[in-house]
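What follows is a set of notes on a single structure, which appears directly below.
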2 protein chains.
Amino acid sequence: MFSQAEENYIKSIYVLELEFQNNVSTNLIAKKMQTKPSSVTDMLKKLAVKDLVDYKKYQGVQLTSKGKKVALKVIRKHRLWEYFLVKELKFKWDEVHEMAEQLEHIKSETLIDRLESFLKYPKFDPHGDPIPDKDGKIMITKTINLLNLKVGQKGVIDNLKDSSDTFLKYLTKKNLALRDKIKVVDIEPFDNSIHLETKTHHLVVSKKVAENLNIKI
Amino acid sequence: MFSQAEENYIKSIYVLELEFQNNVSTNLIAKKMQTKPSSVTDMLKKLAVKDLVDYKKYQGVQLTSKGKKVALKVIRKHRLWEYFLVKELKFKWDEVHEMAEQLEHIKSETLIDRLESFLKYPKFDPHGDPIPDKDGKIMITKTINLLNLKVGQKGVIDNLKDSSDTFLKYLTKKNLALRDKIKVVDIEPFDNSIHLETKTHHLVVSKKVAENLNIKI
DNA sequence: AAATATTTTTAGTCTTATCTAAAATGTTAA
DNA sequence: TTAACATTTTAGATAAGACTAAAAATATTT
């Protein structure tokens, strides 16, 4: 139906729309996908013809509802495979991204539905992100960024903005995990670093780390 | 490392070398891969440059030892994924080929080794074919084609030459399965059809069916 | 051994997805 | 409000992998 390249563009646009409230530009996509703006333009034209995006020259893009459906299918596959890799094959959460990037393109609705059933219908992937169901329905948990918490506020680490290997390794090293309860002990005005308290320890995280942690209050 | 197209050619050549005792021609590959001879020639040149095949114009090809290693890796992946699909995800043996064709190209040694361990190191795939180990070692069972059995001889259905959906469906319909004991009751000289006796029933199979059944005596 | 048939290769084209360099458009700040 | 700067698009190239049609090599008949 769609090529891997097309699916990758669609998925990236979906993720960027969430992060940038539908202001998705050619350059933004190029940066995210580590490609050149001219390549992005080419692809946007193709996707527009296939009615997967609304695209007007120089005006950025939005996914059509058809495009969103495709995005959710790819994301569903990605997250179910990640869950499989971590829960069944015992990979660490920072090892699975690359494999899932490939597995998400395997063409077979039945396969992914069987996999989902085999895994007992998990609701979240190993990085805390919700797994869309067969119909593309996705459970959105209201979270706020750790940067926006005030001193004294408590919450639970719900999901990560950045799921790169290096960030995941950082969290592991600092003994922070999904579902951990945290409390903001202090905020350093000079560099916005945040002093946190968890069940087991205290630590200070930088602004850059904080903005990648989404907290459920 | 290698493209999907390259891996597919390598795999096909490997299979053809087994079937035709290293007499693998351009046309044969084209037929097997449902492509044109000219495309095959193009690819053989590329594979030769990469030292995966020995190729001299108009002389057919043989895999180099490097090529054989690649072939065995792809086959290993294919068969382990097939086993997973049938044993864990409960697909029927005639449903898994297309999915395995895609999964065999997922790039990750670790993934396939973990999968193998998860599956408890199966030795044969759902079609009776042996699964190469991590080092490419493959267990070859001595079998002979049902066509070569004499009246009165007994044996066990060990593996299939053709694992196409239609042949697998045929076997299911006729209530024939891997590991079934069979005995040749009669051979019809006119059309080489064979009258078989199994534990549970009698049946007649055509020459075409017989040549796709490999029997362990 | 020549004629014919078959197989294989070459030459040139197409599609997809990428790139660079240059041109066009949009944005910002003097 | 226009000059400078940034972003985006176009034009033209490239590479992989496929194709068709024609040419070349090999095999088979007569």
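Order of the sequence lines sets the chain letters (A, B, ...), proteins ahead of strands, with each chain counted from 1.
Per the geometry, CD1 belonging to A:I29 stands 14 Å off C1' belonging to D:dT9, to the nearest Å. B:K31 has its NZ atom 10 Å from the P atom of C:dT7, to the nearest Å. Counting to the nearest Å, the P atom of C:dT7 and the OH atom of B:Y55 are 16 Å from each other. The distance from atom CG of B:L28 to atom P of C:dT8 is 9 Å, rounded to the nearest whole Å. For the pair B:K45 NZ and C:dT8 C1', the computed distance is 10 Å after rounding to whole Å.
For the side-chain contact (heavy atoms from CB on, under 4.5 Å) test, residues two or more places apart in sequence or in another chain that qualify with A:L28 are A:L16, A:F20, A:S25.
The aromatic rings of A:F84 and A:W81 lie perpendicular to each other, with more than 60° between the two planes, well past the 30° mark.
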Show me the donor-acceptor pairs, under 3.5 Å and distance only, between side chains in residues 134-146 of chain B and residues at least two apart or in other chains.
{"unit_1": "B:K134", "atom_1": "NZ", "unit_2": "B:D113", "atom_2": "OD2", "d": "2.6"}
{"unit_1": "B:N145", "atom_1": "OD1", "unit_2": "B:L147", "atom_2": "N", "d": "3.3"}
{"unit_1": "B:N145", "atom_1": "ND2", "unit_2": "B:E211", "atom_2": "O", "d": "2.8"}
{"unit_1": "B:N145", "atom_1": "ND2", "unit_2": "B:N214", "atom_2": "OD1", "d": "3.2"}

Identify every side-chain donor-acceptor pair in residues 37-51 of chain A under 3.5 Å, counting partners at least two apart or on other chains, and give the distances.
{"unit_1": "A:T41", "atom_1": "OG1", "unit_2": "A:P37", "atom_2": "O", "d": "3.2"}
{"unit_1": "A:K50", "atom_1": "NZ", "unit_2": "A:E6", "atom_2": "OE1", "d": "3.4"}
{"unit_1": "A:K50", "atom_1": "NZ", "unit_2": "A:E6", "atom_2": "OE2", "d": "2.8"}

Expected list for residues 88-100 of chain B: side-chain donor-acceptor pairs under 3.5 angstrom, two or more places apart:
{"unit_1": "B:K90", "atom_1": "NZ", "unit_2": "B:K87", "atom_2": "O", "d": "3.0"}
{"unit_1": "B:W93", "atom_1": "NE1", "unit_2": "B:T172", "atom_2": "OG1", "d": "3.1"}
{"unit_1": "B:E95", "atom_1": "OE1", "unit_2": "B:K92", "atom_2": "N", "d": "2.7"}
{"unit_1": "B:H97", "atom_1": "NE2", "unit_2": "B:E101", "atom_2": "OE2", "d": "3.3"}

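Here C:dT8 is the nucleotide among C:dT8, D:dT7, D:dT9 with the atom lying nearest to any side-chain atom of B:T41.
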Under 3.5 Å, which protein N or O atoms sit close to an N or O of nucleotides 2-4 of chain C? Give each pair with its distance.
none

Counting primed atoms plus P, OP1 and OP2 as sugar-phosphate and everything else as base, spell out the protein contacts along nucleotides 11-26 of chain C at 4.0 Å heavy-atom distance: B, S or - for each nucleotide, 5' to 3'. -----SBBBB---BSS
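The main-chain N or O of B:I106 is found under 3.5 Å from a side-chain atom of B:K77 such that the two form a donor-acceptor pair.
In summary, the side chains of B:H78 and B:D125 do not present any donor paired with an acceptor at a separation below 3.5 Å, with no hydrogens or angles considered.
Closest non-hydrogen pair, B:Y83 versus B:F124, comes out as CD1-O, 3.5 Å.
Remark: A:N27 is in phosphate contact with D:dT8, judged by side-chain N or O atoms under 4.0 Å from OP1 or OP2.
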